[in-house]
Asks: 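Let me give you the structure first, and then I'll get to my questions.
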Amino acid sequence: MKEKSIVGVKLPKTERGKEKLQKLADAAEKIFAEKGFYGTSIADICERADAAVGTFYIYFDDKSAIYRYLVNDFEQRIISAVRSSIAECTSRLDRKRCGIKAFIRFAWENPLCFNIILGSLSVDKKIFEQYCTDFAKSYAESLVRDNSELKELDITTVSYVLMGITHFAALKFIIEEDFSESHLESTVDTIMQLLTDGLFLPPKN
């Protein structure tokens, strides 16, 4: 996946530089989850990463920049996981089912992603807005490709609705601290039934 330019972030070109940046990012992810954005200092991040403060500024302009990097990194990793999961699918429904499963599995295996992504609302609203619009665009592009299988509805609205279903289904697993393959399958079965059959019974005469 092509690297995206991130405001305040200077992406390294060497492997050694990439390792140093990632070490800082990994430290920031954990300490932001523990202490929150405003309770964390750049010195805290560097201490956790065993790096000099000067090293931090080689890659990041400020604390907001490394937070922005983390949200973008989660976004790219989620999209990559979903795309990999649907590579062999042959229909829109199959792709949706596999994509939902991939997202839930990613969230379970990386539970701090929601701490960082949802926390961006209090750090900088534009970070969260960018995350949402990027995901909506990705959804919309796939929906347009499969429009022969879909009803004629507003694609942008549908994209946000599907995002909401997928994100909150994943949160359900994290909140309940209950993950198993059978639980995952039954949850996705329910979602797919909702998408294919709808929620409401026909009105009574």
Side-chain angles (χ1 to χ4, degrees), residues 1-85 101-135 138 163-164 166-180 183-184:
M1 189 176 294
K2 185 178 179 182
E3 285 187 337
K4 184 172 69 175
S5 176
I6 307 167
V7 175
V9 180
K10 299 174 280 291
L11 295 173
K13 299 186 182 301
T14 67
E15 289 304 315
R16 181 172 174 77
K18 291 176 183 178
E19 289 175 5
K20 288 182 178 180
L21 180 149
Q22 195 58 49
K23 194 173 181 181
L24 287 163
D26 291 342
E29 176 186 330
K30 293 179 176 61
I31 201 164
F32 281 145
E34 294 169 9
K35 301 174 66 173
F37 178 80
Y38 296 104
T40 300
S41 68
I42 290 173
D44 291 332
I45 296 169
C46 293
E47 182 179 1
R48 181 72 63 92
D50 193 24
V53 172
T55 302
F56 180 94
Y57 287 106
I58 292 174
Y59 307 111
F60 305 104
D61 286 356
D62 50 30
K63 194 169 60 168
S64 293
I66 196 169
Y67 202 99
R68 198 175 293 113
Y69 174 86
L70 289 173
V71 173
N72 179 76
D73 185 55
F74 275 126
E75 174 193 324
Q76 299 304 312
R77 287 163 59 195
I78 292 167
I79 290 175
S80 178
V82 170
R83 286 180 178 172
S84 294
S85 75
K101 286 177 67 176
F103 187 98
I104 293 173
R105 192 183 303 280
F106 181 93
W108 176 258
E109 293 174 352
N110 301 272
L112 296 186
C113 70
F114 279 118
N115 293 63
I116 299 299
I117 292 168
L118 297 180
S120 65
L121 274 167
S122 66
V123 174
D124 182 347
K125 185 182 176 183
K126 290 181 179 178
I127 299 175
F128 187 72
E129 289 174 350
Q130 187 66 56
Y131 170 82
C132 290
T133 54
D134 284 350
F135 251 101
S138 179
M163 285 166 56
T166 306
H167 281 65
F168 277 89
L171 276 172
K172 170 179 176 285
F173 282 80
I174 294 172
I175 291 169
E176 294 178 354
E177 297 183 342
D178 177 21
F179 183 90
S180 67
H183 187 193
L184 177 59

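None of these values were measured; they are calculated from a predicted model. Numbers here simply count residues along the sequence, with the first being 1.
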Asks: Once rounded to the nearest 0.5 Å, what's the spacing between atom CD1 of Ile6 and atom CD of Gln130?
Replies: 10.5 Å
Asks: Output the distance between atom CG (Leu171) and atom OG1 (Thr166), rounded to the nearest 0.5 Å.
Replies: 11.0 Å
Asks: Using 4.0 Å as the upper bound for N to carboxylate O, is an ion pair formed by Lys18 and Glu15?
Replies: yes
Asks: Specify the closest pair of heavy atoms between Met163 and Cys132, including all atoms of both residues, with the distance to one decimal.
Replies: CE-O, 3.6 Å
Asks: Mind checking whether His167 and Phe103 have parallel, tilted or perpendicular rings, split at 30° and 60°?
Replies: tilted
Asks: For Phe37, is the NZ or CZ atom of Lys63 found under 6.0 angstrom from the centre of its six-membered ring and inside 45 degrees of the ring axis?
Replies: yes
Asks: So which atom in His183 and which in Ser180 form the shortest heavy-atom distance, rounded to 0.1 Å?
Replies: N-OG, 3.1 Å
Asks: For the residue pair Ala51 and Leu24, what are the closest heavy atoms and their distance?
Replies: CB-CD2, 4.0 Å
Asks: Would you give the length of the straight line joining atom CG of Asp26 to atom CD1 of Ile45, rounded to the nearest 0.5 angstrom?
Replies: 12.0 Å
Asks: Are Glu176 and Lys172 within salt-bridge range, i.e. N to O under 4.0 Å?
Replies: yes
Asks: Is Arg68 reaching over with its side chain to a backbone N or O of Val7, donor-acceptor style, under 3.5 angstrom?
Replies: yes
Asks: Just by modelled atom types, is the Ile117 backbone N or O under 3.5 Å from a matching donor or acceptor in the Ser120 side chain?
Replies: yes
Asks: Mind checking the CG-OH spacing from Leu11 to Tyr59? Nearest 0.5 Å is all I need.
Replies: 10.5 Å
Asks: So which atom in Ile174 and which in Pro111 form the shortest heavy-atom distance, rounded to 0.1 Å?
Replies: CD1-CA, 4.3 Å
Asks: Rounded to the nearest 0.5 Å, what separation is found between the CG atom of Asn115 and the CZ atom of Phe32?
Replies: 12.0 Å
Asks: So, for Ala65 and Gly8, which heavy atoms are closest and what is the spacing to 0.1 Å?
Replies: CB-O, 3.2 Å
Asks: Stepwise, does the side-chain contact (heavy atoms from CB on, under 4.5 Å) test hold for Tyr57 with Ile42?
Replies: CA-CA 10 Å; Tyr57 287 106; Ile42 290 173; 3.2 Å; yes
Asks: Looking only at the side chains, is there a donor atom on one of Tyr69 and Glu29 sitting less than 3.5 Å from an acceptor on the other?
Replies: no
Asks: Nearest 0.5 angstrom please: Ile78 CD1 to Asp73 CG, how far?
Replies: 9.5 Å
Asks: May I ask you to decide whether Arg77 forms a salt bridge with Glu109, counting only side-chain N to carboxylate O separations under 4.0 Å?
Replies: no
Asks: Checking the side chain of Ser80 only, and the main-chain atoms of Gln76 only, is there a donor and an acceptor separated by less than 3.5 Å?
Replies: no
Asks: Compare all side-chain heavy atoms of Val82 with those of Phe106 and state whether any distance is below 4.5 angstrom.
Replies: no
Asks: Within a radius of less than 6.0 Å around CD of Glu129, do more than 12 heavy atoms belonging to other residues, nucleotides or ligands occur?
Replies: yes
Asks: Checking Tyr67 against Asp124 for the side-chain contact (heavy atoms from CB on, under 4.5 Å) test, could you report, in this order, the C-alpha distance in whole Å, the side-chain angles of both residues, the deciding distance, and whether it holds?
Replies: CA-CA 9 Å; Tyr67 202 99; Asp124 182 347; over 6 Å; no
Asks: Do Trp108 and Phe179 make the cut of ring centroids closer than 6.0 angstrom?
Replies: yes
Asks: So, does Tyr38 use its side chain to make a donor-acceptor pair with the main chain of Ser122 at under 3.5 Å?
Replies: yes
Asks: Keeping Asp44 on the side-chain end and Ser41 on the backbone end, is there a donor-acceptor pair under 3.5 Å?
Replies: yes
Asks: List the atom of Ala107, the atom of Cys113, and the distance in Å for their closest heavy-atom pair.
Replies: CA-SG, 4.1 Å
Asks: Before giving the answer on side-chain contact (heavy atoms from CB on, under 4.5 Å), spell out for Leu118 and Phe128 the whole-Å C-alpha distance, their side-chain angles and the decisive distance to 0.1 Å.
Replies: CA-CA 7 Å; Leu118 297 180; Phe128 187 72; 4.0 Å; yes
Asks: Show your reasoning for whether side-chain contact (heavy atoms from CB on, under 4.5 Å) applies to Lys10 and Asp61.
Replies: CA-CA 8 Å; Lys10 299 174 280 291; Asp61 286 356; 2.6 Å; yes
Asks: In terms of heavy-atom contacts, does NZ of Lys126 have more than 12 from other residues, nucleotides or ligands at under 6.0 Å?
Replies: no
